[in-house]
Amino acid sequence: MARPTRPIAWIKRAKKDFEKFPPAAQRIMAEALTIAAEGQKPDLAKPMTGLGSGVMEIVLRYRKDAYRTIYVREIAGSLWVVHAFQKKSKTGIKTPKPEVDLIRERLKRLRKELLQ
């Protein structure tokens, strides 16, 4: 029996950045997004604090690199991927401020467009 799944929608730039990840990292992230779309919490996901309810970050260490995909559990009936990036910072696990600012701006624009 098929599990109920919300559609996965992408901000165009996030999709382009995601497609730059190594193919194996893309597959792992895509599996995690599918689990999230089915209403579950993927093992690789954790809440992003300070960005509002339902904003989640998929954290993947792949080989010697770190990849992040940020999604919102539901806006207008869909799971929305708002950002994807390779983490370059060597200063710990914290998401760099410029990335957080970009995520915040994309969320603001997305909510404005879809929830007017």
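The side-chain hydrogen bond (donor to acceptor under 3.5 Å, both in side chains) search around R106 returns H83, not counting sequence neighbours. With sequence neighbours left out, the side-chain hydrogen bond (donor to acceptor under 3.5 Å, both in side chains) criterion links K97 to D101. By the side-chain contact (heavy atoms from CB on, under 4.5 Å) test, A45 is found to be paired with P42, M56, I58, Y71, residues two or more places apart in sequence or in another chain being considered. Residues satisfying the side-chain contact (heavy atoms from CB on, under 4.5 Å) criterion with K20, sequence neighbours excluded, are R13, D17. Remark: I75 engages V72, W80, L110, R111, L114, L115 in a side-chain contact (heavy atoms from CB on, under 4.5 Å) (not counting sequence neighbours). Take R6 and apply the salt bridge (Lys or Arg N to Asp or Glu O under 4.0 Å) test, not counting sequence neighbours, and it matches E74. For Q26, there are no side-chain hydrogen bond (donor to acceptor under 3.5 Å, both in side chains) partners two or more places apart in sequence or in a different chain. For V100, the side-chain contact (heavy atoms from CB on, under 4.5 Å) partners at least two apart in sequence or on another chain are M48, L51, T95, R104. The ring pair (Phe, Tyr, Trp, His ring centres under 6.0 Å) test applied to F21 returns F18, Y67, not counting sequence neighbours. With sequence neighbours excluded, no residue forms a salt bridge (Lys or Arg N to Asp or Glu O under 4.0 Å) with E31.
No continuous path of hydrophobic side-chain contacts links I28 to I35 [ILVMFWY only; heavy atoms under 4.5 Å]. Both W10 and L79 belong to a single network of hydrophobic side chains, linked directly or stepwise wherever heavy atoms of I, L, V, M, F, W or Y lie under 4.5 Å apart. A continuous path of ILVMFWY side-chain contacts below 4.5 Å connects M29 to V81, so both sit in one hydrophobic cluster.
Residue pairs meeting the ring pair (Phe, Tyr, Trp, His ring centres under 6.0 Å) criterion with at least one partner in residues 34-65, sequence neighbours excluded, are absent. The stretch residues 27-61 participates, sequence neighbours left out, in no ring pair (Phe, Tyr, Trp, His ring centres under 6.0 Å) pair at all.
Listed here is the closest heavy atom pair of G77 and P7: O-CD, 3.5 Å. Closest approach of L60 to R68, counting heavy atoms only: N-NH1, 4.0 Å.
In this structure, L44 CG and R61 CZ are separated by 12.5 Å, a value rounded to the nearest 0.5 Å.
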| request: Let me see the working for K108 and K112 under side-chain contact (heavy atoms from CB on, under 4.5 Å), right down to the final yes or no. | output: CA-CA 6 Å; K108 183 177 166 185; K112 184 178 179 189; 5.8 Å; no

